[in-house]
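Encoded as structure tokens, the structure appears first; notes follow it.
These numbers were taken from a predicted model, which means no experiment stands behind them. Within every chain, numbering begins at 1; the chains are lettered A, B, ... in the order of the sequence lines, protein sequences first and strands thereafter.
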There are 2 protein chains.
Amino acid sequence: MAEPRAGESRNADTRERILDAAERLFMAHGYEGTSMRQITGEAGVNLAAVNYHFGSKESLVQEVFRRRLDWLNDERMRVLDELEHEAAGRPLKPSQIVDGFFGTLLRMADDEARGGMTFLRLLGRTLIEPSEFIRTFLAQEYRTVVERYKEALFKALPDVPKAEIVWRFHFMLGATSYAIAGTDALRLVTDWQIEDEATMDRLDHLLPRLMSFLLGGLRAPLPQLNEGGQI
Amino acid sequence: MAEPRAGESRNADTRERILDAAERLFMAHGYEGTSMRQITGEAGVNLAAVNYHFGSKESLVQEVFRRRLDWLNDERMRVLDELEHEAAGRPLKPSQIVDGFFGTLLRMADDEARGGMTFLRLLGRTLIEPSEFIRTFLAQEYRTVVERYKEALFKALPDVPKAEIVWRFHFMLGATSYAIAGTDALRLVTDWQIEDEATMDRLDHLLPRLMSFLLGGLRAPLPQLNEGGQI
DNA sequence: TCCATGTTCATACGTTTGTTTAAAACATAA
DNA sequence: TTATGTTTTAAACAAACGTATGAACATGGA
């Protein structure tokens, strides 16, 4: 380990250590289930450090997400810009759009410097986090990106009602959320000791699997909606 | 309101009042985010009542789920028994199985006596709840039912690798979870003021929408898995 | 050297947490 | 009525919570 050079360097180091510890603990135990003392303990810093550097626990969790989401959503925007530029006006293929949004997300798992699997699992279970202010915060962070991808899907699937696309976007988010929430949640479906456990959580298998599923759902035949009263 | 007749009647009433309040509050604020004082306050009972009737907060939340899941999973078993009996050995259609598992769940929303939408939304966000002991508990409660439906899917889709089906079951759970987690989570995708808000959350629309999506995903073309190293 | 600035530290504050206690109130049956 | 078991009640408990404070320390420029 390299010695921190001096004041400002230690400063930045402390912030990062706190963010890393908070990310891991929020992932494991949730926001309300994680205490300041756990965070500062695991980070090896003083209890008061969080309030000094971030102001409050609420601000801390927001910074935990912002640190990763800023890059992710910028990247998603960049990818969509590039796709639309190459398409030169013609509508994109749904698979391109889905990969731009969800593929870009899942590929973060390979990048340990961007939070890797830890952040992905945290995000996966936080989109439907009980804590009101976190959901509100995430909704704001995602607003513009989701809006652009929604519009792209509208153009790519002109024959599908917009409300239908919105719902299917929502369903895709759910499937992806479970996909990355990881082996914890998978215990619901598998019997702990699955024969090919080793290959179950290979990331290079997860992405194509999820992508097939999402596209299958997105392009499914439209349901017959009974416009009258009861079903 | 009918007067409670006598001792045992008041007893049961207090228990039910606590369970109802806890269900609603856990749905709104999560397990860790809900205090005993909130629960007993909303239920209109004494603070000590929870510990007297249920022993602890952990036992309470387990009873909240058990009260609904017992019926749900029995019903799922019954439906699958019936389907397999009618099929008389021949494999079921995937749509029948999916409807038996997820349709039975969603149709609970119409039954206010079974918890209705409140319990559904609670369940939706609890399958990936951070609290370890809740996930463990749910995994146990679901074990046998999930196992039977998995087997049914294996038989219904003999050409699809079992690992693939397990994953897709998992994805379906995720999509369903988001579907029932309700309008809170939908804010991620919609712009608050959607034109046809009124029709967005009509339950008789949600079920066929979700079903199309799930079946589309379940029957999607198999992904090309790179059996070698990196993707 | 001195001061100013930024950071760390131990400690304490006021609340809130889940749970326990012992007495009171109640219901049931002899 | 008396005796017995069950349920409700107010009050208290220790522990943990997020946050605030002021002294100690380190650093860089004057």
Side-chain angles (χ1 to χ4, degrees), chain A residues 1-23 25-26 28-65 129-134 137, chain B residues 1-23 25-26 28-65 129-134 137:
Chain A
M1 296 294 162
E3 273 289 300
R5 274 197 330 249
E8 195 206 289
S9 181
R10 281 179 59 80
N11 167 0
D13 191 48
T14 297
R15 275 184 62 99
E16 289 294 310
R17 292 169 65 84
I18 291 174
L19 288 172
D20 288 343
E23 185 173 76
L25 287 168
F26 287 150
H29 309 118
Y31 174 73
E32 320 254 15
T34 303
S35 74
M36 299 287 247
R37 285 165 179 83
Q38 286 179 269
I39 297 171
T40 52
E42 174 140 335
V45 302
N46 187 270
L47 169 60
V50 171
N51 290 284
Y52 175 77
H53 284 284
F54 300 96
S56 67
K57 193 186 177 187
E58 290 205 2
S59 304
L60 169 63
V61 72
Q62 293 188 1
E63 192 54 37
V64 166
F65 281 105
E129 166 91 11
S131 301
E132 166 75 15
F133 87 94
I134 295 185
F137 167 75
Chain B
M1 295 293 162
E3 272 289 301
R5 276 192 331 248
E8 195 204 287
S9 183
R10 280 180 57 80
N11 167 359
D13 191 47
T14 298
R15 275 183 63 98
E16 288 295 310
R17 292 169 64 83
I18 291 174
L19 288 172
D20 288 342
E23 184 173 76
L25 287 167
F26 287 151
H29 309 117
Y31 173 73
E32 320 256 14
T34 303
S35 74
M36 299 286 246
R37 284 162 180 84
Q38 285 179 270
I39 297 171
T40 52
E42 174 140 335
V45 302
N46 187 272
L47 169 61
V50 171
N51 290 284
Y52 175 76
H53 285 283
F54 300 95
S56 67
K57 193 186 177 188
E58 289 205 2
S59 303
L60 169 62
V61 72
Q62 293 188 2
E63 193 54 37
V64 166
F65 281 103
E129 167 91 11
S131 301
E132 166 76 14
F133 87 94
I134 296 185
F137 166 75

Given B:Thr40, which partner from the list B:Thr14, B:Val45, B:Ile18 fulfils the side-chain contact (heavy atoms from CB on, under 4.5 Å) test?
B:Val45
Using atom types as modelled and distance alone, determine if a side-chain donor or acceptor of B:Lys57 lies under 3.5 Å from a backbone N or O of B:Tyr31.
yes
Measure from CZ on A:Arg15 to C1' on C:dT8 and round the result to the nearest Å.
16 Å
Can you tell me how far the CD atom of B:Glu32 sits from the OG1 atom of A:Thr34, to the nearest 0.5 Å?
8.5 Å
Looking at C:dG6, I'd like to know if its phosphate oxygens (OP1 or OP2) sit under 4.0 Å from a side-chain N or O belonging to A:His53.
no
Between the CZ atom in A:Phe65 and the CG atom in A:Leu19, the distance rounded to the nearest 0.5 Å is 12.0 Å
To the nearest 0.5 Å, what is the distance between CG on B:Asp20 and CD on B:Glu23?
6.5 Å
Please list, pair by pair, any protein nitrogen or oxygen found under 3.5 Å from a nitrogen or oxygen in nucleotides 15-21 of chain C.
residue	atom	partner	partner atom	Å
C:dG18	OP1	B:Lys57	NZ	2.8
C:dG18	OP2	B:Met36	N	2.9
C:dG18	N7	B:Arg37	NH1	2.9
C:dG18	O6	B:Arg37	NH2	2.8
C:dT19	OP2	B:Asn51	OD1	3.4
C:dT19	OP2	B:Lys57	N	3.0

State whether B:Thr14 places a side-chain N or O below 4.0 Å from either non-bridging phosphate oxygen (OP1 or OP2) of D:dT7.
no
